[in-house]
Amino acid sequence: MHTDTERCVRAVQSKDARFDGWFYTAVLTTRIYCRPSCPVVPPKPENMTFYPSAAACQQAGFRACKRCRPDTTPGSPEWNQRADVVARAMRLIGDGVVDREGVPGLATRLGYSTRQIERQLLAELGAGPLALARAQRAQTARILIETTPVPMADIAFAAGFSSIRTFNDTVREVFALSPSELRARAPKNRANSPGTPGVLALRLPFRSPLNPDNLFGHLAATAVPGVEEWRDGAYRRTLRLPYGHGVVALTPKSDHIGCRLSLSDMRDLTVAISRCRRMLDLDADPVAVDDQLRTDPLLAPLVDKAPGRRVPRTVDEAEFAIRAVLGQQVSTAAARTHAARLVTAHGETVDDPEGGLTHLFPSAQALAELDPAALAMPAGRRTTLTTLVRQLADGSLHLGVESDWEETRARLLALPGFGPWTVDVIAMRALGDPDAFLPTDLGVRYAARELGLPSTPAALTARAAAWRPWRAYAVQYLWATGDHPINFLPV
C-alpha cells in the first residue's frame with residue numbers, strides 16, 4: 001500500500017487508525033516517522049514519504065515519533081493472510097528466529113538461500129532480515145525500559161542485543177533518547193502496574209472493532225485444566241518458550257488487550273508477545289474482512305450485529321494438532337478430559353502464584369513414548385494420535401509459523417485418521433490460514449440451514465467461494481448463531 005501515495009496521504013490527513021501498521025509516514029523536514037493516525041497536525045504532502053515497515057524508516061535515518069509511538073502499532077495484516085516466502089519470513093522474524101539462529105537459520109527454515117531471503121524482503125519491505133529484527137529488538141527494549149525496573153545491562157541482552165554498546169546506540173538512534181531518558185519519561189505509578197514481582201504489564205493494540213465474545217469464549221470453553229483457565233476476567237495459560245516457560249493473563253479491554261506476563265527468562269519476551277498476538281488474531285484487518293462478508297445478504301445481518309470477530313488461534317501449533325485429534329468425534333468436555341490426562345501424566349510442572357495453572361502442555365517428544373493402551377479412546381484414534389506425535393517428535397512433520405499451508409495440508413491428509421475437518425481446523429487455528437473452511441462441521445451446517453444457506457458441504461462450499469479469502473472468519477460468524485459456550489464471554 002505504501003506505493004499508493006494519494007491513498008496514504010488521505011489516510012494520514014484523516015488520521016485513520018485502520019491503516020496503522022499497513023504503512024509508516026516519514027516526514028522529510030523533521031526526519032521523524034509516524035503512524036497514519038498520529039494526533040499531530042499532518043505535514044504537507046510534499047514533505048511526506050511512505051515506507052512499508054518501521055525497520056525501513058529506521059534504516060533510512062528517521063526517528064520514531066515520541067507522540068504516536070509508531071513502533072507500538074499492530075502488525076501488518078499482510079503477513080497473516082499470505083503464505084508466500086516473505087509472509088512466512090516475517091512470521092519467523094516475529095517469533096525471534098533471527099535473534100536465536102541468525103539469518104542462515106531463517107533461510108534454512110524457509111528452504112531458500114540467505115541471498116534470496118534478503119533480496120525478497122528488501123524488495124517488498126525496504127529492509128533486510130537483520131534490520132527487521134533490529135527494529136523488533138528496539139521495541140522489546142523500550143517495553144522493558146518503560147515497564148520494569150530491570151537494570152539496563154540485563155535489558156540489553158533480554159531484548160536480543162549482542163552488546164550493551166549496540167543496545168545504547170540503537171535506542172538513541174531509533175528513539176532519539178538514551179535508555180535512561182526513556183525510563184525517566186515513562187509514567188510513574190501506572191494504573192496497570194503489576195503487583196507481583198517479575199510480572200510485566202503490557203497493552204496489546206489491535207485494529208477496531210474487536211468482538212471478544214467468541215475469541216475469549218472459545219479459548220475459555222476449550223481450556224485444558226492445569227494449562228489454561230479463566231480467572232478474574234482474564235484468559236490465562238502457560239507458555240512453552242525457546243529459553244524457558246511463562247504464564248500469561250490476557251484481559252479484553254475496549255481499546256486494547258491487557259497482558260500480564262511472567263517469564264522464567266526475559267529473552268522470551270518478544271516471542272511471548274508475538275505468540276499471544278497471533279493466538280488472539282490481533283493483527284487482523286476486521287474492516288476488510290467484514291466488508292467482504294457483508295456482500296452476502298444472508299451473512300450481512302450477522303456481521304452487522306457483532307462486527308469484528310476474530311479467529312481464536314494458538315500459541316503452539318503442535319499442541320493444537322494433538323488437541324484436534326483428541327477432539328475428534330467427541331464433545332468439548334470429553335476432549336478437555338483426554339487432554340487433561342495427558343497433561344497430568346506427561347506435562348512439566350510450573351509455579352503460578354497468581355492462579356491455578358500447574359503444567360505446560362506436554363511436548364511431542366514427551367508424548368512419543370506413551371503407551372497407546374493408556375489412552376481411553378478407540379483404537380483408530382489411538383493410531384492417529386501416536387502417528388502424529390511420532391512424526392512431530394522425529395521432525396518428519398513440522399508445524400510452525402513458517403509452514404506452507406497447502407504443503408502441510410497434504411502431509412496431514414496422508415496421516416491415518418486425518419480427514420478434511422481435522423486438517424482444516426488445524427489450518428484455521430494452528431497454521432493461521434484465513435481462508436480455511438469447515439463445510440462438514442455440524443455447527444456450520446446447522447447455522448447454514450437456519451440462515452437459508454445451502455447446508456450440504458458441496459453446495460455450501462460453492463456458495464462460500466464469494467467469501468474468500470476470509471472463509472475462516474465466516475465460520476466464526478456461523479458458529480456464533482448457536483448457544484454453545486464457545487460463543488460467549490465468560491462471566
Side-chain angles (χ1 to χ4, degrees), residues 83 88 91 95 109 218-219 222-228 237-240 275 278-279 311-348 359-433 436-438 440-441 472:
R88 290 157 58 203
R91 292 196 286 269
D95 207 48
R109 285 179 176 243
H218 205 126
L219 295 172
T222 59
V224 177
V227 175
E228 303 165 284
R237 73 155 292 151
T238 58
L239 303 170
R240 182 183 299 279
R275 293 184 182 179
R278 182 171 167 80
M279 177 175 63
V311 178
R313 295 197 169 122
T314 183
V315 294
D316 187 319
E317 294 80 9
E319 173 192 315
F320 185 84
I322 292 168
R323 291 172 60 173
V325 171
L326 294 175
Q328 287 178 334
Q329 299 178 343
V330 298
S331 67
T332 300
R336 294 178 68 210
T337 299
H338 287 311
R341 289 171 181 163
L342 288 184
V343 167
T344 302
H346 303 281
E348 301 168 40
H359 290 80
L360 297 174
F361 193 87
S363 66
Q365 289 73 20
L367 295 175
E369 303 301 324
L370 66 82
D371 181 4
L375 299 172
M377 58 181 64
R381 203 171 328 135
R382 290 182 195 172
T383 301
T384 300
L385 181 62
T386 54
T387 303
L388 171 66
V389 166
R390 187 170 58 251
Q391 292 205 10
L392 288 170
D394 66 20
S396 55
L397 174 67
H398 179 73
L399 301 176
V401 293
E402 75 276 23
S403 296
D404 180 278
W405 296 337
E406 293 309 317
E407 177 185 338
T408 304
R409 270 189 171 94
R411 294 179 66 87
L412 289 171
L413 279 171
L415 299 179
F418 273 77
W421 182 91
T422 306
V423 170
D424 277 312
V425 80
I426 291 172
M428 178 172 68
R429 295 195 55 201
L431 304 183
D433 183 354
F437 192 50
L438 307 173
T440 62
D441 181 85

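- Among residues two or more places apart in sequence or in another chain, the side-chain contact (heavy atoms from CB on, under 4.5 Å) test is passed with Pro378 by Arg381.
- Partners of Trp421 by side chain to side chain donor-acceptor pair (under 3.5 Å), not counting sequence neighbours, listed by chain and number: Asp441.
- With sequence neighbours excluded, the residues forming a salt bridge (Lys or Arg N to Asp or Glu O under 4.0 Å) with Arg109 are Glu101, Glu402, listed by chain and number.
- Partner of Leu415 under the side chain to side chain contact (heavy atoms under 4.5 Å, CB included) criterion, chosen from Val423, Leu397, Thr422: Leu397.
- Of the residues listed (Thr344, Val343, Val227), the one engaging Pro362 in a side chain to side chain contact (heavy atoms under 4.5 Å, CB included) is Val343, and it is the only one.
- Qualifying side-chain contact (heavy atoms from CB on, under 4.5 Å) partners for Thr337, counting only residues two or more places apart in sequence or in other chains: Arg341.
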Indicate every side-chain donor-acceptor pair of residues 424-431 with a distance under 3.5 Å to a residue at least two apart or in another chain.
residue: Asp424; atom: OD1; partner: Arg409; partner atom: NE; Å: 3.2
residue: Asp424; atom: OD1; partner: Arg409; partner atom: NH2; Å: 3.1
residue: Arg429; atom: NE; partner: Pro312; partner atom: O; Å: 2.6
residue: Arg429; atom: NH1; partner: His218; partner atom: NE2; Å: 3.3

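- Residues passing the side-chain contact (heavy atoms from CB on, under 4.5 Å) test with Ala364, sequence neighbours excluded: Leu392, Ala393.
- Atom CD of Gln365 is surrounded by more than 12 heavy atoms from other residues, nucleotides or ligands within 6.0 Å.
- If you take CG on Leu385 and CG on Leu342, they are separated by 6.5 Å, rounding to the nearest 0.5 Å.
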Next on the checklist: Does Arg278 form a side chain to side chain contact (heavy atoms under 4.5 Å, CB included) with Val315? I'd like the steps, not just the answer.
Outcome noted: CA-CA 7 Å; Arg278 182 171 167 80; Val315 294; over 6 Å; no
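- Residues passing the side chain to side chain donor-acceptor pair (under 3.5 Å) test with Glu369, sequence neighbours excluded: none.
- Considering only residues two or more places apart in sequence or on other chains, Glu228 meets the side chain to side chain donor-acceptor pair (under 3.5 Å) condition with Tyr235, Arg323.
- By the side chain to side chain donor-acceptor pair (under 3.5 Å) test, Asp394 is found to be paired with Ser396, residues two or more places apart in sequence or in another chain being considered.
- Atom CZ of Arg240 and atom OG of Ser363 lie 5.0 Å apart (nearest 0.5 Å).
- In this structure, Gln328 contributes its side chain and Thr384 its backbone to no donor-acceptor pair below 3.5 Å.
- In this view, Ala334 and Val330, Ser331 satisfy the side-chain contact (heavy atoms from CB on, under 4.5 Å) rule, not counting sequence neighbours.
- Between the side chain of Thr408 and the backbone N or O of Trp405, no donor-acceptor pair lies under 3.5 Å.
- In this structure a side-chain-to-backbone donor-acceptor pair under 3.5 Å is missing from Arg275 to Asp95.
- Remark: the Thr314 side chain and the Glu319 side chain contain no N/O donor-acceptor pair separated by less than 3.5 Å.
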